[in-house]
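Structure first, commentary second.
Positions are given from 1 along the sequence. It should be emphasised that the depicted structure is a prediction, and the values quoted were computed from it without experimental measurement.
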Amino acid sequence: AVVSTQSGHYGRDIKYEDQEKINQFARYNNKLLEIKDDLTAKSKQLQNLTDAAQDVEELELSEDSFPFQLGEVFVEMTAEQTNNMITTYKAKIDKDMQALKDKSADIETNMKELKSELYGKFGSAINLEYD
């Protein structure tokens, strides 16, 4: 977020409390960007798992076992075991993504409140818009 004030130009002094609110807005914005990056990464993981499930389904008749990576080790599993693991991981990622979306919504609500308060006080002398 671009957080800038031009107190000299408009003749407004910024109080400590106001500066703290501006700083909090900037922290919220940074956290929101981190969450957005995390959601993108989780979405890619989810797509990879979906692709893996399709591959297992396609190869199920011709393969007895499938290598499944657990940490840094590959474990041989049957198609059913592999699909169960994929389903478990997908459910966990879905849950993580929902938690991130909820956190993002809370942060956006807090940002809107701060934005409204700061714009009410400083008007066009402050810019709290996203880059």
Side-chain angles (χ1 to χ4, degrees):
V2 175
V3 180
S4 62
T5 59
Q6 301 152 357
S7 61
H9 183 29
Y10 288 94
R12 289 195 173 106
D13 291 325
I14 299 176
K15 295 179 183 173
Y16 176 77
E17 295 82 21
D18 297 330
Q19 186 62 51
E20 284 298 308
K21 290 176 184 176
I22 292 168
N23 292 344
Q24 183 61 49
F25 184 89
R27 285 190 296 272
Y28 282 148
N29 187 60
N30 287 336
K31 187 64 179 168
L32 208 52
L33 293 174
E34 288 175 19
I35 290 172
K36 185 184 259 188
D37 289 344
D38 289 348
L39 282 169
T40 300
K42 297 260 182 221
S43 180
K44 184 168 175 40
Q45 289 174 348
L46 199 57
Q47 183 58 49
N48 289 344
L49 287 170
T50 300
D51 293 346
Q54 281 182 312
D55 290 345
V56 168
E57 190 176 306
E58 290 172 7
L59 297 172
E60 187 172 4
L61 297 176
S62 63
E63 300 290 328
D64 293 332
S65 65
F66 298 89
F68 191 87
Q69 187 174 2
L70 293 172
E72 295 185 24
V73 180
F74 283 91
V75 179
E76 291 288 325
M77 296 182 163
T78 65
E80 183 179 342
Q81 291 171 321
T82 304
N83 279 325
N84 288 341
M85 291 296 288
I86 289 171
T87 301
T88 299
Y89 281 121
K90 284 173 73 172
K92 182 186 180 328
I93 290 172
D94 280 335
K95 183 179 175 184
D96 292 347
M97 287 179 72
Q98 188 57 52
L100 288 169
K101 288 176 184 176
D102 292 345
K103 191 172 188 178
S104 175
D106 290 344
I107 289 172
E108 286 176 348
T109 298
N110 292 336
M111 287 176 75
K112 285 178 186 173
E113 290 172 10
L114 282 172
K115 195 176 192 180
S116 174
E117 189 176 332
L118 290 166
Y119 274 133
K121 187 166 190 171
F122 295 105
S124 62
I126 191 168
N127 182 7
L128 301 172
E129 298 305 319
Y130 302 121
D131 287 338

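Two residues are said to be in side-chain contact when any heavy atoms from C-beta on lie closer than 4.5 Å; Phe122 and Asp18 meet this criterion. The shortest side-chain heavy-atom distance between Glu20 and Asn23 falls under the 4.5 Å cut-off. Contact annotation: the side chain of Leu39 never approaches that of Lys36 to less than 4.5 Å [non-hydrogen atoms, C-beta and beyond].
A pairwise comparison of heavy atoms in Ile93 and Lys42 identifies CG2-O, 3.6 Å as the closest pair. Of all non-hydrogen atoms in Ser104 and Leu32, the two that sit nearest each other are OG-CD1, 3.3 Å. The heavy-atom pair separating Ile35 from Leu100 by the smallest distance is CG2-O, 3.6 Å.
The hydrophobic clustering, which links ILVMFWY residues whose side-chain heavy atoms are closer than 4.5 Å, places Tyr119 and Ile14 together. Note on Tyr89: it does not cluster hydrophobically with Phe74, by side-chain heavy-atom contacts below 4.5 Å among ILVMFWY residues. Two different hydrophobic clusters hold Leu118 and Tyr16 under the rule that ILVMFWY side chains link at heavy-atom gaps under 4.5 Å. Both Leu59 and Met85 sit in one connected hydrophobic cluster of ILVMFWY residues. Membership requires side-chain heavy atoms under 4.5 Å apart, directly or through other members.
Note that CE of Met77 is 5.0 Å distant from CG of Leu70, once rounded to the nearest 0.5 Å. How far CG of Asn29 is from CD of Glu34: 10.5 Å, rounded to the nearest 0.5 Å. Atoms NZ and CD, on Lys92 and Gln45 in that order, are 9.0 Å from each other to the nearest 0.5 Å. One distance of note links CG of Asp51 with CG of Leu46; it measures 10.0 Å at 0.5 Å rounding. For the atom pair Lys112 NZ and Ile107 CD1, the distance stands at 13.0 Å (nearest 0.5 Å). Between the OH atom in Tyr28 and the CD atom in Glu113 there is a gap of 8.5 Å [rounded to 0.5 Å].
Residue pairs satisfying the side chain to side chain donor-acceptor pair (under 3.5 Å) criterion with at least one member in residues 61-82, sequence neighbours excluded, are listed as follows: Ser65-Glu76, Thr78-Gln81.
The local environment of CD in Gln24 is crowded, with over 12 non-hydrogen atoms from other residues, nucleotides or ligands closer than 6.0 Å.
For the pairing with Phe25, the side-chain contact (heavy atoms from CB on, under 4.5 Å) check across Leu114, Ile126, Asn30 returns one residue only, Leu114.
The pair Asp94-Lys90 does not meet the salt-bridge criterion, since no charged nitrogen lies less than 4.0 angstrom from a carboxylate oxygen.
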